[in-house]
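As C-alpha cells, the structure follows; a few thoughts come after it.
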Amino acid sequence: MTEPTSRPGGLIRTIIDGDLASGKVREVVTRFPPEPNGYLHIGHAKSICLNFGLARDYGGRCHLRFDDTNPGREDVEYIDAIERDVRWLGFDWGPHLYHAADYFEQLWQWALLLVEAGKAYVCDLSADQIREHRGTLTEPGRPSPYRTRSVEENRDLFSRMRAGEFPDGSRVLRAKIDMASPNLNLRDPVMYRIRRERHHRTGDAWCVYPTYDWAHGQSDAIEGITHSICTLEFEDHRPLYEWFLDQLPVPSRPRQIEFARLNLSFTVMSKRMLMELVQGGHVQGWDDPRMPTIAGMRRRGYTPEAIRDFCERIGVARADSTVDMALLENCIRQDLNERAQRVMCVHRPLRLVIENYADDRVEEIEAPFFPDDPPRMGSRKVPFCRELYVERDDFMEEPPKKFFRLAPGREVRLRWSYLVKCTGVRKDERTGEIVELRCTYDPSSIGPGAPAGKKGGTIHWVSARHSVPIQVRLYDRLFGVPNPARKDGGDFKEHLNPESLLVLTGARGEPGLVGATAGERVQFERKGFYFVDPVDSKPGAPVFNRIVSLRDSWAKIAAEG
RNA sequence: UGGGGUGUGGCCAAGCGGUAAGGCAGCGGACUCUGGUUCCGCUAUACGGGGGUUCGAAUCCCUCCACCCCAGCCA
C-alpha cells in the first residue's frame, strides 16, 4: 500500500507513509493549483511531477485547480495554455478539474460564520493604514479601530460589501486573530477585498473576491485534498491555513507540506522576469525555444519524457538550491540518443572537390539511421559526387596537435563513404578566405573490408549538387551567467546571452531532409539534436531548432589551447 | 537585535544513533566510420563551526556562524 521512500519526494513520502500508517488518511489526494496569470515553466513541472507522481504511486488522485481569486490579473489564455502543458507533460486529472471560483459561495457562507462568531470583521482602513497598523518585523501591530465592531454591524456591512454598496478598496473583511503575533500573517489578515472586476468564470456575479490565504485551505478541504504541497515561502502561512480550518465545519482536514522550488542555472524562473522578457521583446513569446517555459521547451524540441526524468533526478527537498543546467541537457540527450535518427547536415559549408572522381558520376550511398542499433533497421541513400560540402570547422590550414580532421596533406573519412586526402586549398584572392578544398579519394576505402578510418577523424558531408538548403536555428542558453537573477539591484537582462539564437543562413542538408515533418526530432551527426519547428516549418521547407548540441570534447581541448 | 526555515564533495541529493547511496559535472582508459554513444576506473579534508551526551553522532542536546523567506487589499 505504501511505496518505498527512495523515489523523489522522499521527505514528503515519509510524511504520507506516516499518515497512512497512523490511519490519519486512507487515500492520497493532491492538487496542482496554478494561478492563471502566466505560463507554466520547468519549476512548475517539478511540482506537477511531484503532485501527480505521488497520486499515481499511492493509487490516489491529483486535481488540477485554478487558483483564480484575483480576476484582475488572470486570463483564459493562460488557462488554456496551462491545461495544454500539463497534458503534454503526460498527466491526466480525469474529471478533477476545479476552480477556486467554484467555491466562492461556500467561502462566503463560511466567512459569514466567522463574522457571526466574532472572528472576522469589516475594516474601513485604507491599504496604507492597514500596513501602518500591521507593525513591522520587530514591532507588534496595533488593532484597527474597526476591530471591535459588533457582530450585527459586521454582518450588515459584509452583506453590503457583496451587494456592491461600497467603492472598490474602501473596505475589507479581516480575520480577527492576533495583531501582536510575531508571524505577520496572523495579524488580522485580509479575507475579502472589493473589486469590480469581471471574472472569467463568475462574470459579474461578485464584486468581492477572497484572498489566497482565505481561499486556498478551504478549497483543499472541499476537494478532500489530503496533502497540500506548496513551496517554502508559504511556510509562514501554514499557521493561518490551519487557523481557518480550525474555525470552520470543513468536510476534511488537508495538511500543508512545503518543499523548495526549483532554480536552474543560466535562466530565470520568476513569472515577473519571464513576463518582462516576453513583453520587452527580448524573446519571441512565451513559447520562444529559449524560454524555460513548458511551451518554450516543447517548441525547442524537449520531450515530456526528458522533462519528467529531469524532475525525478533533481529530487525534492527543503533546502534552497540551484540545479545545474547541464543536468537538464543530459536528460534530453539521453532520451534523444535512444530515439533520434542520425542524418547529415553541414552548418557552415566549405566546398570540397574530389579531383580524381569522375565529374559525371553519382553514387547512392547507403547510410543507416541508427548506426549503433543494428536491430533497428532503417537507412536511406545519400548521393555522393565530385563536389561536396563539408563543415568549415572540420578543416584547418595549420592544425594544432590534437586536431585530427582535415588539413593540407591529411586524410579523413567521409562518413559512410570514402577516405579523402586534402591536396590543396583555394582562396579568395582579395580576402584570403578559404573558398574550396581540393582532394583525392581512395576508391578502395569504401564498402566491406575497406580499411578502417583509423588515420584521421570522420567528418560529415553533403553533396554540393544534391543537397538542399536547410533552415537551422541554433539555440543556446538564454543567459551568459549561472545566476542571472542577481539580487544586487542590477537588471537581470544585462546578462542575456547575445548568442542565445543564431540563425544559420547557408546550411545544407542531405536531400531527404526536405521531407522532414513538423514535430520530428533528428540528430545531425556530430552536431546535436534538432526539432522540426511546428510553427515555422512548411511542407518541403522544414525549420530545424537545435534542441541541444552533442557533447563536444574537441571544443574543450580547443578551448584549453 | 521578531518569527519561520535551511546548511552532506563543483551542482543536486539519500541518510532518521552503528561507523557517508546515487545522479550530473570533472579526470583517466577501453571501444567506436559521430572527438557522439557505450563500457571500465578515478578523484576529492562532503556531513557549516565549537562544545556535549553515548561504547558509538551527519543523525540527540547546547551554542555560534552563514544563507533563504515574511511587513500585497499577489499567489
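When reading the values below, keep in mind they use all heavy atoms of this one structure, side chains included, and skip hydrogens, waters and symmetry mates. Order of the sequence lines fixes the chain letters, A, B, ..., with proteins taken first and strands second; residue numbering starts at 1 for each chain.
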Checklist entry - P atom, B:A57 versus B:G50: distance in rounded Å? => result 14 Å
Item to check | Phosphate contact (B:G7 OP1 or OP2) by A:Arg318 side-chain N/O below 4.0 Å | outcome: no
Checklist entry - Of all the choices, B:G23, B:C33, B:A71, which nucleotide is nearest to the side chain of A:Arg313 once you look at every atom? => result B:G23
Next on the checklist: Roughly how many Å apart are B:A21 and B:C12, using the C1' atom of each and rounding to a whole number?
Outcome noted: 14 Å
Next on the checklist: Treating A:Asp68 as the side-chain partner and A:Ala100 as the backbone partner, does any N or O pair qualify as donor plus acceptor under 3.5 Å?
Outcome noted: yes
Checklist entry - Tell me: CD1 of A:Ile229 to P of B:A75, nearest whole Å? => result 21 Å
Checklist entry - Closer than 4.0 Å, any side-chain N/O of A:Arg171 to the OP1 or OP2 of B:C73? => result no
Next on the checklist: Need one value for A:Asp236: base, sugar-phosphate or nothing, where a base atom within 4.0 Å counts as base even if backbone is also close, heavy atoms only.
Outcome noted: base
Checklist outcome for this item: Which of A:Tyr441, A:Phe384, A:Tyr389 passes ring-ring contact (aromatic ring centres under 6.0 Å, His included) with A:Trp461? Answer is A:Phe384
Item to check | Atom P, compared across B:G41 and B:C70: separation rounded to whole Å | outcome: 47 Å
Next on the checklist: I need the residues from residues 32-48 of chain A with at least one non-hydrogen atom less than 4.0 Å from RNA chain B; give them sorted by number, or say none.
Outcome noted: A:Glu35
Next on the checklist: Is the phosphate of B:C11 approached by A:Ser265 (side-chain N or O, under 4.0 Å from OP1 or OP2)?
Outcome noted: no
Checklist entry - With a 4.0 Å cut-off on heavy atoms, is A:Lys527 in touch with a base, just the backbone sugar-phosphate, or nothing at all? => result nothing
Checklist entry - Are OP1 or OP2 of B:C74 and a side-chain N or O of A:Lys271 less than 4.0 angstrom apart? => result no
Item to check | Touch class at under 4.0 angstrom, heavy-atom based, for A:Val172 against every strand present | outcome: base
Next on the checklist: Can you tell me whether the side chain of A:His237 and the base of B:A75 have a donor-acceptor pair closer than 3.5 Å?
Outcome noted: yes
Checklist outcome for this item: Rounded to whole Å, CG of A:Asn185 lies from C1' of B:G4 at a distance of 10 Å
Checklist entry - Would you find more than 12 non-hydrogen atoms of other residues, nucleotides or ligands less than 6.0 Å from A:Arg261 atom CZ? => result no
Item to check | Sole residue of A:Glu258, A:Arg255, A:His216, A:Arg238 in side chain to side chain contact (heavy atoms under 4.5 Å, CB included) with A:Ser228 | outcome: A:His216
Next on the checklist: Over all strands shown, is A:Leu125 touching base, sugar-phosphate only, or nothing at heavy-atom distances under 4.0 angstrom?
Outcome noted: base
Checklist entry - What about the rings of A:His44 and A:Tyr78, do their centers lie closer together than 6.0 Å? => result no
Checklist entry - Does the base of B:U34 carry an N or O that pairs as donor and acceptor with the side chain of A:Arg342 under 3.5 Å? => result yes
Checklist entry - Between A:Met191 (CE) and B:G72 (C1'), how many Å, whole number? => result 17 Å
Checklist outcome for this item: Side-chain atoms of A:Val190 come closest, of B:G23, B:C73, B:C70, to B:C73
Checklist entry - Do A:Glu223 and A:Arg31 meet the salt-bridge criterion of a basic N to acidic O distance under 4.0 Å? => result no
Next on the checklist: Under 4.0 Å, counting only non-hydrogen atoms across every strand here, what does A:Thr322 touch: a base, just sugar-phosphate, or nothing?
Outcome noted: sugar-phosphate
Checklist entry - How far does the C1' atom of B:U19 sit from the matching atom of B:C24, given to the nearest Å? => result 28 Å
Checklist entry - Can A:Arg477 and A:Glu329 be counted as an ion pair, charged N to O under 4.0 angstrom? => result yes
Checklist entry - How long is the line joining CZ of A:Phe524 and P of B:U34, in whole Å? => result 19 Å
Checklist entry - Which pairs count as salt bridge (charged side-chain N to carboxylate O under 4.0 Å, His left out) when at least one residue sits in residues 171-185 of chain A, sequence neighbours excluded? => result A:Asp124-A:Arg171
Item to check | Under-3.5 Å donor-acceptor pair between A:Asn183 side chain and B:G4 base | outcome: no
Checklist entry - Just how far, in rounded Å, is P of B:G72 from CG of A:Asn70? => result 15 Å
Item to check | N-O pairing of A:Arg405 and A:Glu391 below 4.0 Å | outcome: no
Next on the checklist: Pick the closest RNA chain B nucleotide for A:Arg405 and for A:Arg73 by heavy atoms, then say which residue is nearer the 5' end.
Outcome noted: A:Arg405
Item to check | Nearest-nucleotide 5' precedence on RNA chain B, A:Gly169 against A:Ala326 | outcome: A:Ala326
Item to check | Closest to side chain of A:Asn337, choosing from B:U37, B:U34, B:C12 | outcome: B:U37
Checklist entry - Hey, does A:Glu329 reach any base, or is it just sugar-phosphate, or nothing, if we go heavy atoms under 4.0 Å? => result nothing
Item to check | A:Arg193 side chain near B:A75 phosphate (N/O to OP1/OP2, under 4.0 Å) | outcome: yes
Checklist entry - Under 4.0 angstrom, heavy atoms only, what part of the nucleic acid is A:Ile459 near: base, sugar-phosphate, or nothing? => result nothing
Next on the checklist: Taking the minimum atom-to-atom distance to the side chain of A:Ala317, which one of B:U34, B:C24, B:A14 wins?
Outcome noted: B:A14
Item to check | Base-pairing string, 5' to 3', of RNA chain B - Watson-Crick or wobble, under 3.5 Å, | interstrand | outcome: .(((((((.[[[..)..(...]]].(((((.......))))).....[[[[[..)....]]]]])))))).....
Next on the checklist: Measuring to OP1 and OP2 of B:G3, would you say a side-chain N or O of A:Arg187 lies under 4.0 angstrom away?
Outcome noted: no
Next on the checklist: Using the ring centroid of each side chain, check whether A:His199 and A:Phe104 are separated by less than 6.0 Å.
Outcome noted: yes
Next on the checklist: What contact category does A:Thr69 fall into here, base, sugar-phosphate, or nothing, at under 4.0 angstrom with non-hydrogen atoms?
Outcome noted: sugar-phosphate
Next on the checklist: Measuring only the C1' atom in each nucleotide, how far is B:A46 from B:C40? A whole number of Å is fine.
Outcome noted: 25 Å
Checklist entry - Do A:Trp554 and A:Phe403 have their ring centres less than 6.0 Å from each other? => result yes
Item to check | Option passing side-chain hydrogen bond (donor to acceptor under 3.5 Å, both in side chains) with A:Tyr192 (candidates A:Tyr209, A:Trp214, A:Trp108) | outcome: A:Trp214
Checklist entry - Quick one: which of B:A13, B:U34, B:C69 gets closest to the side chain of A:Glu233? => result B:C69
Next on the checklist: Over all strands shown, is A:Tyr209 touching base, sugar-phosphate only, or nothing at heavy-atom distances under 4.0 angstrom?
Outcome noted: nothing
Next on the checklist: Taking A:Glu312 first and then A:Arg308, would you say they form a salt bridge - that is, a charged N and a carboxylate O separated by under 4.0 Å?
Outcome noted: no
Item to check | A:Arg333 side-chain N/O to A:Val548 backbone N/O, donor-acceptor pair under 3.5 Å | outcome: no
Checklist entry - In whole angstrom, what separates A:Met161's CE from B:C73's P? => result 13 Å
Checklist entry - Looking for any heavy atom pair under 4.0 Å, which part of the strands does A:Arg415 touch: base, sugar-phosphate only, or nothing? => result base
Checklist outcome for this item: Whole-Å distance, A:Asp320 CG to B:A66 P, equals 17 Å
Next on the checklist: From the set B:C11, B:U34, B:C70, return the single nucleotide nearest to any side-chain atom of A:Asp324.
Outcome noted: B:C11
Checklist entry - Which part of the nucleic acid does A:Ala319 contact within heavy-atom distance under 4.0 Å: base, sugar-phosphate only, or nothing? => result sugar-phosphate
Next on the checklist: Does A:Phe234 reach a base, just sugar-phosphate, or nothing at all? Heavy atoms under 4.0 Å.
Outcome noted: base
Checklist entry - Starting at OH of A:Tyr212 and ending at P of B:C73, how long is that distance when rounded to a whole Å? => result 15 Å
Next on the checklist: Students often get this wrong, so: under 4.0 angstrom with heavy atoms, is A:Thr136 touching a base, only sugar-phosphate, or nothing?
Outcome noted: base
